[in-house]
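Okay, so here's the structure we're looking at.
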Amino acid sequence: MGWNSWNRFGTDISEKLVREIADAMVESGMKDAGYAYIVIDDGWQMSRDADGNIVMNHERFPNGIKPVADYVHSKGLKFGIYSDAGRKTCQGLPGSRGYEYQDARAYASWGVDYLKYDWCYHGTQNSEASYTLMRDALYAAGRPMVFSICEWGTTRPWLWAGDVGHLWRTTEDIQDCWDCVNEWGGLGWVKILDKQAGLEQYAGPGHWNDPDMLEVGNGGMTATEYKCHFSMWCMLAAPLMAGNDIRSMSHETREILTNKEAISVNQDKLGKQARRIVQSDGYQMWVKELSGNEIAVAFFNGGDSSITTNVSWPYILRKFGLKKKSYTLRDLWKHENIGTTDTPLQVRIKPHDILMVRLVNN
Ligand code: GLA
């Protein structure tokens with residue numbers, strides 16, 4: 001869990017922004033809710049010096065990266081950075097190809113805790129070899145870092161990256177919209193959600209599918225639509241990287257991002273990704289197995305008309321091996337108990353809305 005600069009700020013990043021975001025992480029309650037990493041994405045680099053050392057953009061980071069990382073650490077948070085396995089980053093700045101060990105040593109010396117490693121300008125490079133090379137360079141640098149693979153799912157990293165990185169992007173870039181498709185490949189979150197079904201077998205502690213960073217609070221959708229997006233990222237056991245301006249978020253945005261009951265589903269120690277068990281027109285039902293013999297169930301209406309359905313629990317209890325006869329149903333957005341599994345649940349969901357419940361074993 002953390003925050004990344006890209007979705008809201010693009011390359012408009014600076015030491016000042018990172019310091020203010022670190023302050024806001026603490027003051028807004030994000031840190032208390034579990035958000036730990038502050039990651040600067042593309043745009044901090046500028047060139048290489050005569051010895052090949054990466055040089056940062058001095059206008060944006062006049063004191064270098066280390067004091068920025070130190071400040072983030074002083075708040076009890078962790079600091080992350082971005083580079084690219086190819087010659088250049090996606091913004092055309094210097095990538096790490098040919099400088100992997102040198103860059104990894106620099107990051108370690110600055111106190112970096114997380115590296116997002118992109119895939120632009122990779123030419124004919126092999127993805128597994130390129131990411132393994134940087135993994136080994138990070139090991140050699142000697143500082144523990146989360147290694148985030150960002151090759152957009154193009155070479156199916158879930159098949160090879162379990163021992164290479166801690167998380168891997170599964171798709172092209174998320175956009176701040178419901179189900180749009182951009183010409184260059186950006187996707188609305190509902191389109192991304194579709195591509196996660198079937199990948200659940202590859203996710204688990206220390207090796208996660210990454211459906212990309214959150215767009216919650218960036219302005220392109222309604223609060224209810226953002227609630228759907230956030231709920232489903234929790235169900236998917238996805239990395240929760242906020243991508244909005246947390247210095248000035250609305251009450252509604254904060255309530256979504258810091259919903260501890262939804263977050264506890266995301267962070268459940270079994271580390272299981274939800275499975276889609278029903279899909280019919282826009283209606284989808286997803287189930288996530290949780291520790292303690294519990295499950296979370298999301299009833300998501302992605303369609304344009306309301307849906308009404310009756311959920312009979314015995315079938316679901318059997319399917320997911322839940323042994324008790326009766327569970328309490330907890331609505332994770334209303335924060336109240338709404339019944340038990342003894343009687344069928346009548347579910348009514350408006351278009352672009354969601355019901356997320358936890359079957360509590362008590
Ligand atoms: C790619 C990545 C994005 C972001 C940009 C930065 O598109 O997928 O997440 O890092 O590059 O240029």
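Computed from a predicted structure; not experimentally measured. Ligands are counted one by one from 1 in listed order, and the atoms in each one are counted from 1 as well. Index from 1, following the sequence.
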Which ligand 1 atoms, with their elements, are less than 4.0 angstrom from a heavy-atom of [X]?
X	result
W152	2 (C), 8 (O)
K116	3 (C), 4 (C), 9 (O), 10 (O)
R169	8 (O), 9 (O)
C90	1 (C), 11 (O), 12 (O)
Q91	12 (O)

Close N or O approach (D173, ligand 1; < 3.5 Å):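 In this structure, D173 places an N or O atom under 3.5 Å from an N or O of ligand 1.
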Aromatic ring proximity H166/W208, centre distance under 6.0 Å: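 No, they do not, as the ring centres are separated by 6.0 Å or more.
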Proximity of Y117 and F147 rings by center, below 6.0 Å: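 Yes.
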- prompt: Where does the angle between the aromatic ring planes of Y202 and W158 fall among parallel (under 30°), tilted (30 to 60°) and perpendicular (over 60°)?
  reply: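 Tilted: the ring planes of Y202 and W158 meet at 30° to 60°.
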task: Describe, in one word, how the ring planes of W233 and W189 are oriented to each other, choosing from parallel (under 30°), tilted (30 to 60°) and perpendicular (over 60°).
output: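 W233 and W189: perpendicular rings.
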W119 to ligand 1, any heavy atom closer than 4.0 Å: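 Contact check W119 vs ligand 1: negative.
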message: So, 4.0 Å and heavy atoms of E172: is ligand 1 close enough to count as a contact?
response: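 Flag not set, E172 not near ligand 1.
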task: Verify the neighbour count for atom CD of E252: are there more than 12 heavy atoms of other residues, nucleotides or ligands below 6.0 Å?
output: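 Atom CD in E252 is not crowded, with 12 or fewer foreign heavy atoms closer than 6.0 Å.
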message: If you count heavy atoms of other groups shown closer than 6.0 angstrom to NE2 of H251, is the number above 12?
response: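 No, NE2 of H251 has 12 or fewer neighbouring heavy atoms, counting only those of other groups under 6.0 Å.
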- prompt: Among K272, R358, K288, K323, which one satisfies salt bridge (charged side-chain N to carboxylate O under 4.0 Å, His left out) with E294?
  reply: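 Testing E294 for a salt bridge (charged side-chain N to carboxylate O under 4.0 Å, His left out) against K272, R358, K288, K323 leaves exactly one candidate, R358.
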query: With respect to atom 2 (C) of ligand 1, which of D118, D84, D41 exhibits the smallest heavy-atom separation?
result: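 Looking at heavy atoms only, the winner is D118.
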- request: Note the single closest protein heavy atom to atom 12 (O) of ligand 1, along with its residue, its atom name and the distance in Å.
  value: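 Ranking protein heavy atoms by distance from atom 12 (O) of ligand 1, first comes D42 OD2, 2.8 Å.
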query: For ligand 1, does C150 get within less than 4.0 Å through its side chain, its backbone, both, or neither, judged by non-hydrogen atoms?
result: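 The side chain, only.
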query: When clusters are formed by joining ILVMFWY residues with side-chain heavy atoms under 4.5 Å apart, either directly or through shared neighbours, do F61 and V55 land in the same one?
result: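 Different clusters.
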